Amino acid sequence: MELKSLDNDINIIEKVEKGSIAEELGIEPGDILVSINDNKVLDIIDYKYLISDNYVVVTIQKKNNEVWDFEIEKDYDEDLGIYFTNPLIDKAKSCRNKCMFCFIDQLPKGMRETLYFKDDDSRLSFLQGNFITLTNLRDDEIQRIIDYRLSPINVSVHTTNPELRIKMLNNKNAGKIYSILKKFSQAKIEVHCQIVLVPGVNDGAELDRTLGDLSKLYPSVNSVAVVPVGITKYREDLPKLEPFNEVSSLEFLKYIRNKQEEYLKKLGTRFVFPSDEFYAMTNIAPPSYGEYEKFLQLENGVGLMTLFSYEVDREIEKLKDDISLKKKYIVATGTLAYEFVKSICDKVMNNIRELEIKVVPIKNDFFGTTITVSGLITGQDLINQLKEYKDFDALIIPNSMLRSGEKVFLDDLTIEDIEKELNIKVIPSKVKGKDFINIFTKDMR
């Protein structure tokens, strides 16, 4: 997730929710939150804690510099409905690790500054689902997570071997991970863990050790996602790493299947889940809907294909019989998901007469062809590889290609730039069955 406006520690209100307490009181975007109950609000966690009471006094500085006190009676834990320009209300804590597999270190020069920011902030983990390493926290900050009940929290573990973790993260504090997770377990903090798997480094016996250690902390450690290391062409002066391929992915999936069966018997849950990339690399069908249990790690691409396929099937069942749409669409995707996306689009075309969908796998020339996921496709690669396609009504892209909440690609090109260059309407779609099918049914009205 790319972050923005995190250097500002003034509590500027960016948005007021319609129908909220704040709107009724006349609080507006551009106003500044001064204090709550005469307490300065140091960060978003303080804010959430201070507004939880039934009665609060909120001090606001208006845009004309007048200071107003609002005495508010409300339900316990009822939100005020205000959002801040800086979602943390504080400077974000940056990562001091130098991980051997860090994707940000593999970015080319000249991109926008916010892309190079490495966050390692427990508050962002709680609020936005970001994964943190816990290596950059003081003891009092770890205790604050426990005291404020910041749960669930997402943690990048990678290995529980102290010496290996220090080496992988290049941080002398990295070896303390398991003792911190044990503290969370004792405090009943829910944790979701991530392992970036690097062939020849933290796989094999090391992975077995890590999963064994983490499973002892269940249910506090509630799930573990395993994702393959991502390697771009920009790895000058970085350790040489090997990517996963079809053979190594097959071996890994066989291993994980056995571990899941073991944990299902012992814990009543499969506990560890591979990301979809492993299945796509092997052309093995991903597990069924039920096998992903509660889809706890969708942000890691765990079960996204299965859930999307399930949702598309449900939406297709709702379509009227014998419907038609005489239009032609391009669907752009990464090379990894091409076969899957094509199977989805074939299913849609089989149920809507005259509809044509051309799925085009976009090769990642910007980051290098070893990067195969849709979320890292740039605007310039779309332009260069779609120029030959003419007479289509629209181009559909997954919204993961865009900066969150905006129409900007990783290379700063915009949707408008793509539309102008290719002379085609661009439609971003969430990876949700309803959103995808609605693109076509909407055109039928």
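Quantities reported herein were computed from a predicted structural model and do not represent experimental measurements. When reading the values below, keep in mind they use all heavy atoms of this one structure, side chains included, and skip hydrogens, waters and symmetry mates.
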When you compare the side chains of [X] and [Y], does any donor N or O come within less than 3.5 Å of an acceptor on the partner?
X: Y255; Y: D203; answer: no
X: Q194; Y: S156; answer: yes
X: D213; Y: T210; answer: no
X: N245; Y: S248; answer: yes
X: D147; Y: Q143; answer: yes
X: T333; Y: S374; answer: yes

Going from [atom1] on [X] to [atom2] on [Y], what distance comes out if it is rounded to the nearest 0.5 angstrom?
X: D411; Y: T378; atom1: CG; atom2: OG1; value: 4.5 Å
X: M281; Y: F244; atom1: CE; atom2: CZ; value: 7.0 Å
X: K176; Y: L181; atom1: NZ; atom2: CG; value: 14.0 Å
X: S429; Y: M401; atom1: OG; atom2: CE; value: 11.0 Å
X: M100; Y: L241; atom1: CE; atom2: CG; value: 6.5 Å
X: L211; Y: F271; atom1: CG; atom2: CZ; value: 7.0 Å

Polar side-chain atom of [X] near backbone of [Y] as donor-acceptor pair, under 3.5 Å:
X: T370; Y: I231; value: yes
X: S249; Y: E246; value: no
X: R165; Y: A174; value: yes
X: E419; Y: V426; value: yes
X: T160; Y: Y178; value: no
X: R403; Y: K407; value: no
X: D276; Y: G303; value: yes
X: R149; Y: K188; value: yes
X: K434; Y: R314; value: no
X: S275; Y: V302; value: no

Evaluate the side-chain proximity of [Y] to [X]: yes if any heavy-atom separation is below 4.5 Å, no if none is.
X: I383; Y: L413; result: yes
X: L169; Y: T133; result: yes
X: I195; Y: L207; result: yes
X: L382; Y: F409; result: yes
X: Q260; Y: V272; result: yes
X: L137; Y: I145; result: yes

Nearest heavy atoms of [X] and [Y], plus distance in Å:
X: V229; Y: P243; value: CG1-CA, 4.5 Å
X: G290; Y: R270; value: O-NH1, 4.1 Å
X: S52; Y: Y76; value: O-CD1, 2.9 Å
X: V431; Y: F308; value: C-CD1, 3.7 Å
X: P286; Y: Y292; value: CB-OH, 3.9 Å

[X], [atom1]: over 12 other non-hydrogen atoms inside 6.0 angstrom:
X: N258; atom1: CG; result: yes
X: K432; atom1: NZ; result: no
X: Y218; atom1: OH; result: yes
X: K233; atom1: NZ; result: yes

Charged N to carboxylate O below 4.0 Å: is that the case for [X] and [Y]?
X: E291; Y: R257; result: yes
X: R138; Y: E141; result: yes
X: D140; Y: R144; result: no
X: D313; Y: K347; result: yes
X: K74; Y: D79; result: no
X: E206; Y: R209; result: no

Quiz prompt | Among V373, L376, D381, side chain to side chain contact (heavy atoms under 4.5 Å, CB included) partner for F367 | solution = L376
Practice problem: Using side chain to side chain contact (heavy atoms under 4.5 Å, CB included) as the criterion, point out the one residue from L402, V408, I427, L395 that pairs with I415. | Solution: L402
Taking side-chain hydrogen bond (donor to acceptor under 3.5 Å, both in side chains) as the definition, give me every residue that meets it alongside [X], ordered by chain and number, with sequence neighbours left out.
X: T269; answer: E293
X: N39; answer: none
X: N399; answer: none
X: D31; answer: K62

Practice problem: Determine, stepwise, if the pair K18 / E23 fulfils side-chain contact (heavy atoms from CB on, under 4.5 Å). | Solution: CA-CA 6 Å; K18 289 185 179 179; E23 185 186 53; 4.1 Å; yes
Self-check item: Verdict with supporting geometry, D208 and K259, salt bridge (charged side-chain N to carboxylate O under 4.0 Å, His left out)
Solution: CA-CA 9 Å; D208 214 44; K259 297 303 289 186; 3.3 Å; yes
Self-check item: Residues in salt bridge (Lys or Arg N to Asp or Glu O under 4.0 Å) contact with E311, at least two apart in sequence or another chain
Solution: none
Quiz item: Which residues pass the side-chain contact (heavy atoms from CB on, under 4.5 Å) test with L298, sequence neighbours left out?
Solution: F295, L304, L307
Practice problem: Could you go through the side-chain contact (heavy atoms from CB on, under 4.5 Å) check for K98 and N171 one step at a time? | Solution: CA-CA 7 Å; K98 189 71 174 174; N171 185 320; over 6 Å; no
Quiz item: Can you check whether F84 and Y47 have ring centres sitting under 6.0 Å from each other?
Solution: yes
